[in-house]
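As the structure is a computational prediction, the values presented were derived from the model and not from experiment.
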Amino acid sequence: MSTFRGMDTTEHYFKVPLDHAKPAGEAITVFAREIVSTEHEDPSTLPWLLFLQGGPGGKSPRPGSLSGWMAEAAKTFRILLLDQRGTGLSQPANRQTLPLRGDAAAQAAYLTHFRADSIVRDAEAIRRALGIEKWSTFGQSYGGFCTLTYLSIAPQALERCLVTGGLASLTADAATVYRATYARMAERNEEYFSWYPQDRDVLARIAKHLRGTAEHLPNGRPLTMAMVQMLGQFLGGNARVHLLHHVFEGALVHTPGGDRLSDAFLAEVQNQADRTTNPLYALMHESIYAQGAATAWAAESVLEEFPAFSPAAEVPLLTGEMVYRWYFESDPVLRPLEETARILSEHEDWAPLYDPEVLARNTVPVAAAVYTDDVYVDRDLSMETARAVAGLKVWETADFHHDGISDDGAMIFAKLLEMTGASA
């Protein structure tokens, strides 16, 4: 155990089945970090809170101190930060380790066990290993998707569930989800450029510049307009949307050879386009919507219905949480996984992630923050789900975007906790 800046932290490693349908088969390692405030004299009396991280492919938070939602939660709970399988200190799944599985087909077969249903069953194995009768969960974004799966698979293990920006559609396929999120992104683009019309002019200059001049990211990767469009990930939240203006205002610099894209701008594009630390995001993102059918590069297919987002448009709109085939064709980190990604995109035998009948009879207190203008988890689809889960209480707000818990996590956590009949 380590103690620093107001918290005690304990690291836990667990062995869990790769395939929970075969408990005696191959095992993998999953990591979780326990966080307890030093204000508590006897932490053993505290109830547990499992945090389900956004993603897919994102490791749990690495707190340097108790702050935000975690400080609020630590008043009442013993917190467990789970590194979902394949992430963080859990047994990794990336370009370096996946070849251990064999060829691309073997790698893809392995990764079919890395969705929400497996993550939830890992959590159940951990709960039993720690001797916990019931615990509460807090799911952000994809963590909310996992929460709905948890409520479907093992509701008896749950005391209460809190969800922020993560009420997944129970029935919509990937293409339906992307149609909704492209529309939301178009609205968010319009809002942003109404605040900073000069940035639209800069984006137009960048598009024109790239049509006639080759540019490269600091790591040597050739820059494309599609990579520039990935700056739209700034638009997914209040906490950082205005930071995008600082990226655009220094985008171009005058050099002896004429105007070029600045090193600072290129470095930021590289940061947004880089999947070195979370390759599972690119590999598994579309599969989080898959139930019984192939995703078939849904974001890329639906793009044809939204030509304003095409990289070939005169001034293309900025994109968000979409994954395209070209990620694997152009990114040196993802290129070794290109065939694996293709096989996953064609995989049809995806098990159901949710049980609508169980959710319709739900008795676990659930409170969810739904962000009206969320560009990543569509409000209308979320509200459909809210109506389908018995007893689920919704707090809808336009004051926050997808990164609400980064903006005012303490308030949001306390509000949702109160909605479930408890308080910090």
Side-chain angles (χ1 to χ4, degrees), residues 35 37 46-54 61 66-81 120 123 132-170 237-239 354 356 358-374 376-424:
I35 304 287
S37 170
L46 295 172
W48 285 82
L49 176 74
L50 171 68
F51 180 65
L52 294 167
Q53 168 70 19
L66 281 176
S67 60
W69 74 263
M70 208 174 299
E72 186 68 22
K75 294 177 182 178
T76 307
F77 292 100
R78 197 171 175 177
I79 302 167
L80 194 70
L81 303 174
V120 165
I132 301 167
E133 182 179 356
K134 286 188 175 185
W135 57 7
S136 299
T137 66
F138 179 30
Q140 157 66 12
S141 187
Y142 179 58
F145 292 34
C146 294
T147 301
L148 292 167
T149 302
Y150 213 148
L151 287 164
S152 298
I153 291 175
Q156 72 281 356
L158 301 171
E159 191 71 40
R160 65 178 51 79
C161 298
L162 314 180
V163 174
T164 51
L167 285 187
S169 172
L170 302 180
N238 281 347
Y354 315 113
V358 171
L359 294 173
R361 300 191 304 268
N362 175 63
T363 59
V364 179
V366 184
V370 173
Y371 305 128
T372 304
D373 303 308
D374 197 328
Y376 298 148
V377 180
D378 179 70
R379 178 263 178 203
D380 294 344
L381 294 177
S382 292
M383 296 303 284
E384 285 181 13
T385 296
R387 291 188 290 270
V389 180
L392 189 153
K393 296 180 180 179
V394 169
W395 172 49
E396 182 180 355
T397 175
D399 292 337
F400 300 96
H401 273 258
H402 195 70
D403 65 347
I405 62 170
S406 296
D407 209 0
D408 196 350
M411 184 278 289
I412 292 171
F413 182 90
K415 183 174 184 65
L416 295 179
L417 187 64
E418 184 179 13
M419 288 170 64
T420 64
S423 59

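Listed here is the closest heavy atom pair of Ala74 and Ser37: O-CB, 3.8 Å. Of all heavy-atom pairs spanning Asp373 and Ala398, the tightest one is OD2-CB, 4.2 Å. Across all their heavy atoms, Gly54 and Ser141 have their closest contact at CA-CB, 4.2 Å. Here the closest heavy-atom approach between residue Leu381 and residue Asp378 is recorded as N-OD2, 3.0 Å. Of all non-hydrogen atoms in Leu416 and Val163, the two that sit nearest each other are CD1-O, 3.5 Å.
For residues 132-160, no residue pair satisfies the salt bridge (Lys or Arg N to Asp or Glu O under 4.0 Å) rule, not counting sequence neighbours. For residues 379-392, the pairs satisfying side-chain hydrogen bond (donor to acceptor under 3.5 Å, both in side chains) are Arg379-Glu396, with sequence neighbours left out.
Inter-residue side-chain proximity for Tyr150 and Phe145 is flagged as unmet; no heavy-atom pair is nearer than 4.5 Å.
Residue Arg78 holds its CZ atom at 11.5 Å from CH2 of Trp135, rounded to the nearest 0.5 Å. A distance of 13.0 Å separates CD1 of Ile405 from CD of Glu72, quoted to the nearest 0.5 Å. Annotation: the span from Tyr354 atom OH to Ile153 atom CD1 amounts to 10.5 Å, rounded to 0.5 Å. Atom CG in Leu151 sits 4.5 Å away from atom SG in Cys161 (nearest 0.5 Å).
Annotation: His402 is in aromatic contact with Tyr376 [ring centroid separation under 6.0 Å].
With sequence neighbours excluded, the residues satisfying ring pair (Phe, Tyr, Trp, His ring centres under 6.0 Å) with Phe51 are Trp69, Phe138.
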